[in-house]
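Predicted model only: the values in this text are computed from it and were never measured.
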Amino acid sequence: MEHTEQLTTTEPTASSTPTPSRAQRRGARTHRWRRDTVELAAVFLSVTAADLVAKVVVHGPDGPVVLAGSAVALVATALFHTWWSHRHQLHGPPAPDAPAPPAVPGTPGASGEPLKGPLHDFEQTTLWRVRTTVQDSPGSLARVCTAFAQRQVNIVSMQSHPLPSGTVDEFFVRAPQSLTRADLAALVAAAGGHDIWSAPADAHDLVDVPTHVLALATRTALDAAELPIALRQLFGQCTIRQYPGAAGRGGAGVDGHVMRLPVPSGDLIELSRPQLPFTPTEFARAQALVELDTLLGPRVPDVRARLAQPAGADLTVRRADAGDKEAALAMHRRCSSDTLRKRYHGPVRDADRYLDHLLDARHGQALAVEAADGRIVALGHLMWDGDGAEVAVLVEDAWQRRGLGLDLMRRMAALALEAGVETVYAVTQSSNTGLIATMRKLAAPLDYQVEEGTLVITAHLAEAAEELPAPWPTRPGR
């Protein structure tokens with residue numbers, strides 16, 4: 001009775017061997033007899049083959065050759081069998097994966113609840129651009145980074161601008177949405193930072209600085225008119241003014257929120273950024289772009305587009321430069337005094353001086369509409385002016401009311417948006433109904449300002465961006 005109870009309560013172990021049944025023993029005997037029969041047949045077959053080979057070797061004309069070939073085949077078979085066995089021994093079938101340990105009750109995911117971790121926090125963050133000045137001493141940067149880490153602020157990228165006394169550190173950070181601008185300034189100030197500035201950022205600001213500078217240098221190398229655009233994109237929202245012949249009046253360098261860059265041609269480029277002072281590092285970058293522009297000299301990319309005219313005229317719009325001065329002067333001579341007065345707000349006696357400035361690529365972009373015989377029949381000018389740009393159009397009398405002025409205006413508006421300029425303005429007279437109608441067809445909100453008989457029309461292009469066409473079918477280097 002005790003023995004029976006012990007058998008019913010003892011659990012089988014992995015090491016216990018089950019007793020084979022009668023059917024299993026009968027199957028094993030049958031398998032053994034089959035194997036013995038196959039082996040016996042193989043022996044008889046081998047003896048017959050050996051007798052046949054012996055007779056061929058003794059009585060055949062090629063006996064030694066057959067014997068040598070058989071030996072080589074036997075050796076090759078033995079070597080192949082050895083290699084195959086060794087290969088399968090080293091590269092056997094992979095072992096099954098170990099089962100995953102059971103979930104510990106109370107841990108995330110054990111009962112099906114969603115996991116919460118860094119990714120969950122990452123989705124609830126806001127990008128900020130933070131700039132601060134710290135002491136140039138060991139540990140000053142580490143204290144700011146530690147302050148960020150304590151408030152779950154992730155530093156995406158940073159760069160340093162050395163100063164004569166201290167260092168300006170600029171951070172792009174991802175901060176929890178609960179942190180406000182005042183909170184960020186407070187934690188940076190508590191870590192030893194001062195002159196703190198911060199602003200919301202977006203994904204477009206997350207660019208590698210050397211790569212960004214090289215891309216701007218490439219644009220400047222292709223087109224002299226891109227220098228002001230490159231400077232604006234390099235330093236963000238800033239005002240850029242160029243003063244002809246003023247290089248000797250202002251000293252080059254950085255003065256707080258103002259940067260002055262003398263140009264070898266004699267002009268002075270002045271940048272102002274009220275919200276953020278410039279640093280010597282930024283001045284060095286700007287100076288490098290100016291030197292590149294000066295080294296390459298005047299240059300205008302060869303971009304052009306065909307204009308379809310109902311009358312079948314073959315017209316081409318392209319970039320214009322100083323080489324088009326004679327053709328532009330000839331067009332001025334064909335224009336009536338009324339047309340010139342509307343364009344220049346008064347009589348034009350020395351168009352040479354105007355065109356030298358208007359066709360200089362460093363002051364903006366000039367567009368020309370050219371007929372099949374090479375005559376210029378219309379001119380458009382996009383001239384950088386601080387945060388905005390001035391636009392102006394002149395169409396020869398014989399070619400007016402054919403849509404040339406509207407085409408030039410739309411292309412210049414698209415070029416301004418491409419350069420990051422969202423407002424353009426035209427200065428004219430209230431009697432110039434043609435230009436007023438052209439500005440209205442831009443489908444952009446307009447502001448009108450009248451001062452002493454002069455009308456200034458300002459177009460806000462951001463809301464008309466989808467309505468404006470691409471300025472050129474192709475762009476070199478883009």
Side-chain angles (χ1 to χ4, degrees), residues 199 204 216 219-220 223-244 246 257-261 267-276 278 286 289 319 343-345 354 357-367 379-394 405-430 432 435-452 454-469 471:
H204 297 90
L216 295 179
R219 294 186 58 173
T220 304
D223 189 355
E226 295 281 346
L227 178 60
I229 304 171
L231 293 174
R232 181 178 286 109
Q233 293 187 358
L234 182 61
F235 301 127
Q237 190 66 27
C238 63
T239 301
I240 302 176
R241 298 187 183 279
Q242 187 163 351
Y243 300 97
H257 297 267
V258 178
M259 179 190 299
R260 296 183 179 89
L261 297 164
D267 295 352
L268 178 69
I269 299 177
E270 183 179 274
L271 292 79
S272 60
R273 189 171 58 184
Q275 76 277 11
L276 199 60
F278 291 104
L289 285 177
R319 285 284 300 275
R343 165 61 183 91
Y344 296 103
H345 323 132
Y354 285 124
H357 177 81
L358 294 175
L359 296 177
D360 189 346
R362 290 182 173 86
H363 299 144
Q365 300 191 30
L367 307 183
L379 283 172
H381 302 285
L382 174 68
M383 293 157 285
W384 314 124
D385 184 14
D387 297 333
E390 181 182 358
V391 290
V393 174
L394 176 64
L406 178 59
D407 183 89
L408 290 175
M409 191 67 70
R410 289 167 61 85
R411 289 182 192 275
M412 290 187 293
L415 289 169
L417 274 180
E418 190 179 78
V421 177
E422 296 185 352
T423 58
V424 296
Y425 67 92
V427 181
T428 184
Q429 297 173 344
S430 56
N432 191 353
L435 179 61
I436 296 174
T438 300
M439 293 289 288
R440 286 177 177 174
K441 291 179 181 178
L442 288 178
L446 301 178
D447 293 338
Y448 299 91
Q449 184 178 1
V450 180
E451 295 181 358
E452 299 180 355
T454 300
L455 175 63
V456 180
I457 309 175
T458 302
H460 302 274
L461 303 177
E463 299 183 22
E466 297 182 357
E467 304 294 332
L468 297 174

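The minimum heavy-atom distance linking Gln233 with Ala419 is given by the pair NE2-O, 4.2 Å. Smallest separation of non-hydrogen atoms from Ala366 and Leu359: CB-CD2, 4.0 Å. Ala286 approaches Leu261 most closely through the heavy-atom pair CB-CD1, 3.7 Å. Of all the heavy atoms in Ala414 and Pro469, the pair that sits closest is CB-O, 3.2 Å. Of all heavy-atom pairs spanning Asn432 and Thr428, the tightest one is ND2-OG1, 2.9 Å.
Within the 4.5 Å cutoff, the side chain of His460 has no heavy atoms near those of the Glu422 side chain. Two residues are said to be in side-chain contact when any heavy atoms from C-beta on lie closer than 4.5 Å; Leu367 and Arg319 meet this criterion. The shortest distance between side-chain heavy atoms of Trp384 and Arg241 does not fall below 4.5 Å. Considering only heavy atoms from C-beta on, Phe278 comes within 4.5 Å of Arg273 through its side chain. Between His257 and Ser272, every side-chain heavy-atom pair lies at or beyond the 4.5 Å cut-off.
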- request: Assess whether side-chain contact (heavy atoms from CB on, under 4.5 Å) is satisfied between Met383 and Leu358, documenting all intermediate values.
  value: CA-CA 8 Å; Met383 293 157 285; Leu358 294 175; 3.3 Å; yes
Leu455 and Ile457: CA distance, side-chain angles, deciding distance, side-chain contact (heavy atoms from CB on, under 4.5 Å) verdict: CA-CA 6 Å; Leu455 175 63; Ile457 309 175; 3.9 Å; yes
message: With side-chain contact (heavy atoms from CB on, under 4.5 Å) as the criterion, how do Leu227 and Ile269 come out once you've worked through the C-alpha distance, each side chain's angles and the decisive distance to 0.1 Å?
response: CA-CA 10 Å; Leu227 178 60; Ile269 299 177; 4.0 Å; yes
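Arg411 is linked by a salt bridge (Lys or Arg N to Asp or Glu O under 4.0 Å) to Asp407, counting only residues two or more places apart in sequence or in another chain. With sequence neighbours excluded, the residues satisfying side-chain contact (heavy atoms from CB on, under 4.5 Å) with Glu270 are Tyr243, Val258, Arg260. Under the rule for a side-chain contact (heavy atoms from CB on, under 4.5 Å), the partners of Glu467 that lie at least two apart in sequence or sit in another chain are Ala443. Applying the side-chain contact (heavy atoms from CB on, under 4.5 Å) test to Ala459 and every residue at least two apart in sequence or in another chain returns Val424, Met439, Leu442, Ala444, Leu446, Leu461. Remark: Ala230 engages Leu216, Thr220, Leu289 in a side-chain contact (heavy atoms from CB on, under 4.5 Å) (not counting sequence neighbours).
Pairs engaging residues 229-239 under the salt bridge (charged side-chain N to carboxylate O under 4.0 Å, His left out) rule: none recorded [sequence neighbours left out].
Checking side-chain atoms of His381 against main-chain N and O of Val391 turns up no donor-acceptor pair under 3.5 Å.
Distance check, rounded to the nearest 0.5 Å: OG1 of Thr423 to CG of Leu417 gives 10.0 Å. Between Leu406 atom CG and Leu435 atom CG the span is 11.0 Å, to the nearest 0.5 Å. In this structure, Ile436 CD1 and Ser430 OG are separated by 7.0 Å, a value rounded to the nearest 0.5 Å. Between the CE atom in Met412 and the CD atom in Gln365 there is a gap of 10.0 Å [rounded to 0.5 Å].
Screening Ile240, Thr239, Leu234 for a side chain to side chain contact (heavy atoms under 4.5 Å, CB included) involving Leu271 leaves a single residue, Ile240.
With 3.5 Å as the limit, one finds no donor-acceptor pair spanning the side chains of Tyr425 and Asp447.
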